[in-house]
Amino acid sequence: MPEIKKWGNSLGIRIPSHLAEELGLLENTAVEFSISDGGLLVKRTNRKRKYLLCKMLEGITERNLHGEIDTGEPQGAEIW
């Protein structure tokens, strides 16, 4: 029977291999936690974030916009 154990400043639960295999859980699978009917629900999530250029560009303002920066002459075997 799995038990809750101390893991650093947190608590951890080991997932039995037969359950992990049935659910397709691998090491580093992203999950989210929620409380349901007084119990803990662990659900696999889609870790990949979708970035939209238009949303990223909204963050550019006059305050964080800057021109080119001169880093000087090549110092080694760089080809410019």
Side-chain angles (χ1 to χ4, degrees):
M1 168 101 27
E3 296 179 343
I4 296 175
K5 299 286 185 179
K6 185 89 169 138
W7 190 358
N9 289 331
S10 302
L11 298 175
I13 301 173
R14 289 182 181 240
I15 301 171
S17 59
H18 71 279
L19 292 177
E21 185 176 320
E22 185 176 333
L23 295 169
L25 300 176
L26 302 172
E27 185 176 0
N28 297 320
T29 298
V31 295
E32 60 184 29
F33 299 103
S34 60
I35 298 172
S36 178
D37 295 326
L40 178 64
L41 178 64
V42 182
K43 186 176 178 182
R44 182 177 36 208
T45 61
N46 184 358
R47 177 177 247 171
K48 295 180 182 178
R49 293 184 179 187
K50 294 183 179 178
Y51 295 99
L52 298 174
L53 181 59
C54 60
K55 291 291 182 188
M56 292 168 50
L57 293 175
E58 286 176 2
I60 298 176
T61 64
E62 289 292 324
R63 185 175 184 159
N64 62 10
L65 187 63
H66 59 80
E68 293 181 12
I69 299 173
D70 183 5
T71 59
E73 295 295 317
Q75 298 297 309
E78 298 96 337
I79 300 173
W80 296 93

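No experiment lies behind these values; they were computed from the predicted model shown.
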(message) List the residues meeting side-chain hydrogen bond (donor to acceptor under 3.5 Å, both in side chains) with Lys5, not counting sequence neighbours, and say none if there are none.
(response) Glu3
(request) Give every residue pair that meets the salt bridge (charged side-chain N to carboxylate O under 4.0 Å, His left out) criterion with at least one member in residues 16-45, sequence neighbours excluded. (result) none
(request) Could you list the residues that satisfy side-chain contact (heavy atoms from CB on, under 4.5 Å) with Ile69, not counting sequence neighbours? (result) His66
(message) According to side-chain contact (heavy atoms from CB on, under 4.5 Å), who are the partners of Thr61, at least two apart in sequence or on a separate chain?
(response) Arg63, Asn64
(message) To the closest 0.5 Å, what do you measure between CD1 (Ile35) and CG (Leu40)?
(response) 7.5 Å
(request) Determine whether more than 12 heavy atoms belonging to other residues, nucleotides or ligands lie under 6.0 Å from atom NZ of Lys6. (result) yes
(message) Side-chain heavy atoms under 4.5 Å apart, restricted to Ile/Leu/Val/Met/Phe/Trp/Tyr: what other residues fall into the cluster of Leu53, or is it alone?
(response) Leu57, Ile60, Leu65
(message) Taking Leu25 as the starting point, is it possible to reach Leu19 by hopping between hydrophobic residues whose side chains are less than 4.5 Å apart?
(response) yes
(request) Could I get the full list of side-chain contact (heavy atoms from CB on, under 4.5 Å) partners for Ile4, not counting sequence neighbours? (result) Leu11, Ile13
(message) Counting only heavy atoms from other residues, nucleotides and ligands, does the tally under 6.0 Å from CD1 of Ile15 exceed 12?
(response) no
